[in-house]
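Here the structure comes first, spelled out in structure tokens, and everything after it is commentary.
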Amino acid sequence: MTNIIATTIVGASGRMGQMLVKAVADHPEMDLAGVVDRPGCDWIGRDVGVAMGGPELGLTVEEDPLPAFARSQAVIDFTTPEATVAHAALAAQARLVHVIGTTGLSDTDLEKLSAAARHATIIRAGNMSLGVNLLTMLTRKVAEALGPEFDIEIVESHHRHKVDAPSGTALMLGEAAADGRGISLAENSERGRDGITGARAPGAIGFAALRGGDIVGEHDVIFAGAGERIKLSHIATDRMLFARGALRAAIWGQNRKPGEYDMMDVLGL
Ligand SMILES: NC(=O)C1=CN([C@@H]2O[C@H](COP(=O)(O)OP(=O)(O)OC[C@H]3O[C@@H](n4cnc5c(N)ncnc54)[C@H](OP(=O)(O)O)[C@@H]3O)[C@@H](O)[C@H]2O)C=CC1
Ligand SMILES: O=C(O)C1=N[C@H](C(=O)O)C[C@H](O)C1
């Protein structure tokens, strides 16, 4: 018999939150057990289906995550770094699978997630799509094959509301490129060039971010050499892509030991 996974969506009113609510409500192996948003959000106390502009789903948006977590096996979290760190501590108490899509986490936030992962099964990725995770794998391989005479630049474009840069995906791609080259990204990244910057540092991995309109998410990894360029690209046109990946992670995480995992683990890449 299939195990139906009781799942809570935090940040339900957000761009990704709404996708996730729809995806879980429609999934045959998942049950929408809780929908949570920030205290003060005007969705609190309303039926989540009606708040999304559709039919009733029979579940009220709550501001306290604790009761929802207590009746869940999985939590899917695309919110803010501060909220995600707080949710991870609660997920650890309740021994849940915590799928994290939130980007812009600081090193201190990541340390707190590692602490929570002693008891929670945390699956975190800057991008949950199959395509981007394949692109990450290819980026590592190409960086390894080409060597430092090819300059690596990562260009990302997102909608006007995005608050963090470079995107979580761009950083994932940068880590993969650095890994392929056997260098540390922290010691070799060049960001936000402006003015008389001087020539490009040899071996640097450069990042550029564009923001505008309703762009869902576009990423290019450019390997620029003498007389030739290789460009690896991914274009997301529908956020449901990320939601589907997150659900796949929540299902994969059931009965896994507590710890930290990513989408490469989930996809077996
Ligand atoms: N890994 C991946 O594949 C992807 C990752 N992302 C990342 O997911 C995150 C969210 O993106 P997006 O949906 O566009 O952003 P939104 O701002 O649309 O959504 C975030 C939601 O979280 C809510 N929120 C904030 N604080 C809390 C809290 N304490 N408790 C519960 N809910 C809270 C916000 O409420 P309010 O608006 O009322 O403050 C909002 O509804 C970003 O970090 C983004 O980069 C996005 C897409 C794919
Ligand atoms: O904020 C977004 O929208 C997205 N964020 C993720 C990121 O920071 O890479 C993933 C996706 O590109 C959309």
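No experiment lies behind these values; they were computed from the predicted model shown. All ligand and atom numbering here is 1-based and tracks the order in the structure. Heads up: numbering here begins at 1 and tracks the sequence.
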query: Among pairs that include at least one residue of residues 55-70, which meet salt bridge (charged side-chain N to carboxylate O under 4.0 Å, His left out), considering only residues two or more places apart or in two chains?
result: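 Applying salt bridge (charged side-chain N to carboxylate O under 4.0 Å, His left out) to every pair that reaches into residues 55-70, excluding sequence neighbours, yields E62-R71.
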
Below 3.5 angstrom, do we get any N/O pair linking [X] and ligand 1?
X	value
P39	no
M16	yes
G101	yes
G126	yes
R38	yes
G17	no
R239	no

For [atom], which protein heavy atom lies nearest, and how many Å away is it?
atom	result
atom 25 (C) of ligand 1	T80 CG2, 3.8 Å
atom 40 (C) of ligand 1	G14 CA, 3.9 Å
atom 3 (O) of ligand 1	M128 N, 2.8 Å
atom 35 (O) of ligand 1	D37 OD1, 3.0 Å
atom 18 (O) of ligand 1	R15 N, 2.8 Å

Enter the distance from [X]:[atom1] to [Y]:[atom2] here, rounded to the nearest 0.5 Å.
X	Y	atom1	atom2	result
H234	T169	NE2	OG1	9.0 Å
S157	R211	OG	CZ	8.0 Å
I122	H98	CD1	NE2	6.5 Å
D77	H87	CG	NE2	5.5 Å

task: Taking the six-membered ring of W252 (Phe, Tyr or Trp), confirm whether the NZ or CZ of R248 is under 6.0 Å from its centre and within 45° of its axis.
output: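 Verdict for W252: no cation-pi partner in R248.
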
query: Between the side chain of Q73 and the main-chain N/O of A6, is any donor-acceptor distance below 3.5 Å?
result: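 Looks like yes, one N/O pair under 3.5 Å.
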
Sidechain-backbone polar pair: T121 side chain, A117 backbone, donor-acceptor under 3.5 Å: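 Side chain of T121 to backbone of A117: no pair is present.
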
Electrostatic pair [X]-[Y], nearest N-O below 4.0 angstrom:
X	Y	result
D262	R124	no
R181	D179	no
R193	E153	yes

I need the contact type for [X] against ligand 1. Using non-hydrogen atoms and a strict under-4.0 Å cut-off, is it side chain, backbone, both or neither?
X	value
F78	both
A125	backbone
V10	neither
K162	side chain

message: Run the side-chain contact (heavy atoms from CB on, under 4.5 Å) test on T60 and D47 for me, step by step, so that the C-alpha distance in whole Å, both residues' side-chain angles and the decisive distance to 0.1 Å come before the verdict.
response: CA-CA 4 Å; T60 302; D47 180 275; 5.6 Å; no

field: Nearest-option assignment for atom 30 (N) of ligand 1, heavy atoms, candidates H87, R124, E63
entry: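 Closest candidate by heavy-atom distance is H87.
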
Option set T103, L20, I44, criterion heavy-atom distance to atom 43 (O) of ligand 1, minimum: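 Shortest heavy-atom distance from atom 43 (O) of ligand 1: T103.
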
query: Taking atom types as modelled, is there a side-chain donor on H219 or S167 under 3.5 Å from an acceptor on the other?
result: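 Per modelled atom types, H219 and S167 side chains form a pair under 3.5 Å.
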
task: Collect the protein residues that have a non-hydrogen atom under 4.0 Å from ligand 2 and hand them over in chain and number order.
output: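 Within 4.0 Å of ligand 2, protein side: T103, G126, N127, H158, H159, K162, S167, G168, T169, V216, H219, F242.
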
Give the numbers and elements of all ligand 1 atoms closer than 4.0 Å to a heavy atom of [X].
X	answer
S13	41 (O)
G11	21 (C), 22 (O), 23 (C), 31 (C), 32 (N), 41 (O)
A83	26 (N), 27 (C), 28 (C), 29 (N)

- prompt: So which heavy atom on T102 is nearest to which on L105, and how close?
  reply: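 Scanning both residues, the minimum pair turns out to be O-CD1, 3.5 Å.
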
field: Derivation and outcome, side chain to side chain donor-acceptor pair (under 3.5 Å), residues T136 and N133
entry: CA-CA 5 Å; T136 305; N133 282 276; 5.0 Å; no

- prompt: Any protein heavy atom under 4.0 Å from atom 16 (P) of ligand 1?
  reply: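 It does; a protein heavy atom is within 4.0 Å.
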
message: Evaluate T7 against V75 for side-chain contact (heavy atoms from CB on, under 4.5 Å), listing each step before the verdict.
response: CA-CA 6 Å; T7 305; V75 171; over 6 Å; no

